[in-house]
Trainee: 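Before anything else, here's the structure in question.
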Amino acid sequence: MDLTYKEALAYALKLLAGKDYTVCQIEGKLSKRFPPDAVAFVLEYLSSKNFLNDYRFALNYFQSKMEKGWGRKKIRYHLKLKGISEEIINAVENDVEFDYSFVEKEIDRKYDLSDRKDRERAARFLSSRGFTAGEIFNLLERK
């Protein structure tokens, strides 16, 4: 193995030691410092050893953001920005049962839903968090 390949692999492993990355993110970081053949070799090696796994990244990201109170639309959008394919996003969304309890707690804490203005504020808040109109209606009607 050439010195460039070893340096690229060492750099990628150093990055992955800190947190999960998508294939696209690692490729972007490596391509700034190393030649394309070294980048391709490292990506293939890391994928074969399961150090790089877009499905695992998307699953962890989806669950993490759901627990922070994000809606499906916002999570999907950010996964696309990170270079995750539509097929993987759909698979993760089908595998994870969406839990609204996290955002319900936040709504209960922040808003008095018996007040019309607070209901409107809550609806705007949920919309900014990436919830669909149907989800917003259902969440506000539960209260």
Side-chain angles (χ1 to χ4, degrees), residues 4-143:
T4 307
Y5 292 107
K6 287 181 181 180
E7 289 173 348
L9 182 59
Y11 179 66
L13 289 172
K14 178 183 161 202
L15 290 171
L16 288 169
K19 68 175 190 173
D20 256 355
Y21 286 92
T22 65
V23 172
C24 185
Q25 289 173 322
I26 289 289
E27 182 178 18
K29 289 182 178 293
L30 290 175
S31 64
K32 291 177 185 174
R33 297 175 77 171
F34 301 102
D37 58 332
V39 172
F41 168 79
V42 169
L43 290 176
E44 180 62 36
Y45 178 80
L46 293 174
S47 294
S48 70
K49 297 291 185 185
N50 205 24
F51 292 139
L52 269 182
N53 186 326
D54 279 352
Y55 178 82
R56 182 182 62 221
F57 175 89
L59 184 65
N60 292 335
Y61 189 86
F62 195 94
Q63 290 173 333
S64 166
K65 296 307 178 185
M66 178 182 63
E67 291 172 4
K68 287 186 176 185
W70 286 21
R72 292 174 196 263
K73 285 184 351 186
K74 189 171 184 176
I75 296 170
R76 289 180 67 85
Y77 174 75
H78 282 271
L79 283 171
K80 286 179 190 173
L81 287 180
K82 293 186 178 296
I84 303 293
S85 70
E86 192 70 32
E87 298 84 36
I88 293 175
I89 294 172
N90 290 335
V92 167
E93 198 170 13
N94 290 334
D95 291 347
V96 175
E97 184 176 333
F98 202 84
D99 186 5
Y100 294 97
S101 65
F102 301 105
V103 75
E104 287 174 344
K105 289 177 190 172
E106 200 162 350
I107 290 171
D108 290 342
R109 186 177 53 82
K110 284 185 171 183
Y111 303 103
D112 173 22
L113 295 181
S114 61
D115 180 35
R116 183 182 62 84
K117 288 202 181 269
D118 261 4
R119 281 182 84 77
E120 291 171 0
R121 284 186 191 110
R124 283 193 302 272
F125 168 75
L126 291 169
S127 177
S128 73
R129 286 286 183 102
F131 289 93
T132 64
E135 289 173 319
I136 293 170
F137 178 77
N138 289 336
L139 284 166
L140 296 179
E141 286 304 308
R142 289 181 190 171
K143 305 295 173 193

Trainee: Report the residues that fulfil side-chain hydrogen bond (donor to acceptor under 3.5 Å, both in side chains) with Glu67, sequence neighbours left out, ordered by chain and then residue number.
Mentor: none
Trainee: Can you check whether Glu27's main-chain N or O pairs, donor with acceptor, with Ser31's side chain at less than 3.5 Å?
Mentor: yes
Trainee: Short question: side chain of Asp54, backbone of Ser85 - any donor-acceptor pair under 3.5 Å?
Mentor: no
Trainee: Give me the atom names and distance for the closest heavy-atom approach of Leu30 to Ala8.
Mentor: CD2-O, 3.6 Å
Trainee: Should we count CZ of Phe98 as having more than 12 external heavy atoms under 6.0 Å?
Mentor: yes
Trainee: Under the rule for side-chain hydrogen bond (donor to acceptor under 3.5 Å, both in side chains), what residues qualify as partners of Thr132, not counting sequence neighbours?
Mentor: Glu135
Trainee: Return all side-chain donor-acceptor pairs below 3.5 angstrom for residues 88-97, not counting sequence neighbours, or 'none' if the list is empty.
Mentor:
unit_1	atom_1	unit_2	atom_2	d
Asn90	OD1	Arg76	NH1	3.1
Asn90	OD1	Arg76	NH2	3.1
Asn90	ND2	Glu86	O	3.2
Glu93	OE1	Arg76	NH1	2.5
Glu93	OE2	Arg72	NH1	3.4
Asn94	ND2	Asn90	O	3.2
Asp95	OD2	Tyr55	OH	2.3

Trainee: Is the backbone N or O of Lys82 less than 3.5 Å from a side-chain atom of Thr22, with the two atoms forming a donor-acceptor pair by type?
Mentor: yes
Trainee: Can you name the closest pair of heavy atoms from Phe51 and Leu13 and give their distance?
Mentor: CD1-CD2, 4.1 Å
Trainee: Measure the CD1-CG distance between Ile26 and Leu15 for me, rounded to the nearest 0.5 Å.
Mentor: 5.0 Å
Trainee: Can you confirm whether Lys29 is buried at NZ, in the sense that more than 12 heavy atoms of other residues, nucleotides or ligands lie under 6.0 Å from that atom?
Mentor: no
Trainee: Mind jotting down which residue pairs meet the side chain to side chain donor-acceptor pair (under 3.5 Å) criterion with at least one end in residues 37-49? Sequence neighbours excluded, please.
Mentor: Tyr5-Asp37
Trainee: Roughly how far, to the nearest 0.5 Å, is NZ of Lys65 from CZ of Phe102?
Mentor: 13.5 Å
Trainee: Would you name the heavy atoms of Tyr61 and Leu79 that are closest together and state the gap between them?
Mentor: CD2-CD2, 3.5 Å
Trainee: Rounded to the nearest 0.5 Å, how far does CD of Glu104 lie from CD1 of Ile107?
Mentor: 7.0 Å
Trainee: Could you pull out every donor-acceptor pair under 3.5 Å between side chains of residues 121-131 and any protein atom, sequence neighbours left out?
Mentor:
unit_1	atom_1	unit_2	atom_2	d
Arg121	NH1	Asp118	OD1	2.8
Ser128	OG	Phe125	O	2.7
Arg129	NH1	Lys68	O	2.9
Arg129	NH1	Gly69	O	3.3
Arg129	NH2	Glu106	OE2	3.2

Trainee: So which atom in Trp70 and which in His78 form the shortest heavy-atom distance, rounded to 0.1 Å?
Mentor: CZ3-CD2, 3.7 Å
Trainee: I'd like to check Asp20 versus Asn53 (side-chain heavy atoms, cut-off strictly below 4.5 Å). Are they in contact?
Mentor: no
Trainee: If you apply the rule side chain to side chain contact (heavy atoms under 4.5 Å, CB included), what do you find for Ile84 with Phe62, and how did you get there?
Mentor: CA-CA 12 Å; Ile84 303 293; Phe62 195 94; over 6 Å; no
Trainee: Atom CZ in Arg33, atom OG1 in Thr4: separation rounded to 0.5 Å?
Mentor: 12.5 Å
Trainee: Tell me, do Leu46 and Leu9 make a side-chain contact under 4.5 Å, heavy atoms counted?
Mentor: yes
Trainee: Sequence neighbours excluded, which residues qualify as side-chain hydrogen bond (donor to acceptor under 3.5 Å, both in side chains) partners of Arg109?
Mentor: none
Trainee: What distance do Arg119 atom CZ and Glu141 atom CD have between them, rounded to the nearest 0.5 Å?
Mentor: 5.5 Å
Trainee: Is the NZ or CZ atom of Lys73 positioned over Tyr77's six-membered ring, under 6.0 angstrom from the centre and within 45° of the axis?
Mentor: no
